[in-house]
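Working notes, beginning with the structure itself.
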Amino acid sequence: MKFLITAGPTREPIDPVRYISNRSSGKMGYAIAQAALDAGHEVILISGPVALPAPERAQMIRVTTADEMYDAVHANLAGIDIAVLCAAVADFKPAAFAPRKIKKREGVPVIELVPTRDILASLGALETKNFLLAGFAAETDDLEKNAREKLEKKQCDVVIANDVSAPGLGFESNENELTFFLPDQSSRVLPRATKRDLAAGLVKMLCALK
Ligand code: C5P
């Protein structure tokens, strides 16, 4: 099968030296890419800026902003069987980019933000798609309710949720626990394990759903 995976954060520039971003390390997405490769699948990995080595044999596409990630995803959909959108795409970006460094002496700037485009929702809204669409939900509360809302609103085939409020799980950590929410109201849990082991289970689960 051919996987398209997004991973890592995006960076939304304010001026040439400053940006808005988030704490995503990219570990989960990279682990999924590696697990898919290890299981003999093809992988296109579209990644925001992270401090991780590229998985060998993955077709890497490196991007910085949410807009670049959106364009890279849409340009690489041909022949995809499973799309896993794991990236922590910034929800907002500065309305304008200041081409020169904003000077401190000019006072505290007011930075207007505008929403970025939702890549996952844009794939869910495609009229024809031949791939299984998996989204992620990193939640601190109401895991099931929020994940199910995402599943419906973004028209995914599965939403994979993790509780980022639990100590030692989720963002920046090596361990995670995943719950798969499916449109038929059922759910399946992959219990706490290293992101590497979970990724292997996740790849199997997604192939079974495809
Ligand atoms: O709504 P929320 O950001 O929590 O949804 C998370 C899911 O949506 C993840 O799969 C993430 O990769 C995807 N997403 C996206 N583009 C955005 C925002 C989120 O693909 N602009």
Side-chain angles (χ1 to χ4, degrees), residues 3-13 19-33 36 43-50 52 61-77 80 82-95 113-126 129 131-165 169-172 176-183 187 190 195 198-199 202-203 205-206 209:
F3 280 71
L4 179 149
I5 300 168
T6 68
T10 66
R11 278 183 192 168
E12 311 305 325
Y19 57 80
I20 296 173
S21 193
N22 59 64
R23 284 171 50 196
S24 170
S25 66
K27 280 182 187 167
M28 192 69 226
Y30 276 59
I32 296 167
V43 172
I44 299 180
L45 178 57
I46 301 177
S47 175
V50 296
L52 296 171
I61 301 175
R62 291 179 201 279
V63 297
T64 304
T65 65
D67 280 329
E68 288 169 8
M69 187 173 277
Y70 183 103
D71 292 340
V73 167
H74 282 269
N76 285 281
L77 291 177
I80 296 301
I82 299 181
V84 189
L85 272 63
C86 199
V89 183
D91 291 320
F92 313 106
K93 62 176 181 179
L113 300 178
V114 293
T116 56
R117 291 175 291 175
D118 192 309
I119 304 168
L120 180 58
S122 73
L123 295 187
L126 288 176
K129 65 174 169 65
F131 52 85
L132 181 92
L133 180 58
F136 265 78
E139 304 293 345
T140 54
D141 51 275
D142 279 340
L143 193 71
E144 169 146 21
K145 181 170 165 280
N146 289 316
R148 290 224 171 270
E149 261 173 31
K150 238 157 259 187
L151 186 66
E152 197 172 323
K153 202 161 136 216
K154 304 197 187 197
Q155 302 176 70
C156 308
D157 299 305
V158 53
V159 163
I160 304 159
N162 57 322
D163 181 353
V164 290
S165 69
L169 291 184
F171 281 130
E172 291 168 344
N176 220 340
E177 176 179 287
L178 301 175
T179 310
F180 289 61
F181 291 98
L182 300 165
S187 62
L190 287 180
K195 286 185 178 175
L198 280 175
L202 182 149
V203 165
M205 190 88 95
L206 293 181
L209 290 172

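We count ligands from 1, going down the list as the structure has it; atoms in each ligand are counted the same way.
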Does an N or O from [X], backbone or side chain, lie closer than 3.5 Å to an N or O of ligand 1?
X      : result
Phe136 : yes
Ala87  : yes
Leu85  : yes
Gly135 : no

Derivation of the salt bridge (Lys or Arg N to Asp or Glu O under 4.0 Å) call for Arg148 and Glu152: CA-CA 6 Å; Arg148 290 224 171 270; Glu152 197 172 323; over 6 Å; no
Val43 side chain near Ile32 side chain, heavy-atom distance below 4.5 Å: no
Student check: side-chain heavy atoms of Phe92 and Glu12 closer than 4.5 Å: no
Side-chain donor-acceptor contact under 3.5 Å, Ser47 with Tyr30: yes
Heavy-atom nearest neighbour of atom 15 (C) of ligand 1 within options Val73, Leu120, Leu133, Thr116: Leu120
Closest to atom 21 (N) of ligand 1 (judged by heavy-atom distance), picking from Lys93, Arg117, Met69: Arg117
Mode of Ile119 contact toward ligand 1 - side chain, backbone, both, neither (heavy atoms, under 4.0 Å): both
Structural part of Lys150 in contact with ligand 1, heavy atom criterion under 4.0 angstrom: side chain
Between CG on residue Asp118 and NZ on residue Lys154, distance to nearest 0.5 Å: 3.5 Å
Ser21 side chain to Thr10 backbone, donor-acceptor under 3.5 Å: yes
Protein contact to atom 14 (N) of ligand 1 [nearest heavy atom, distance to 0.1 Å]: Asp118 OD1, 3.9 Å
CZ/Phe180: more than 12 non-hydrogen atoms of other groups inside 6.0 Å: yes
Sub-4.0 Å heavy-atom approach of Lys154 to ligand 1: yes
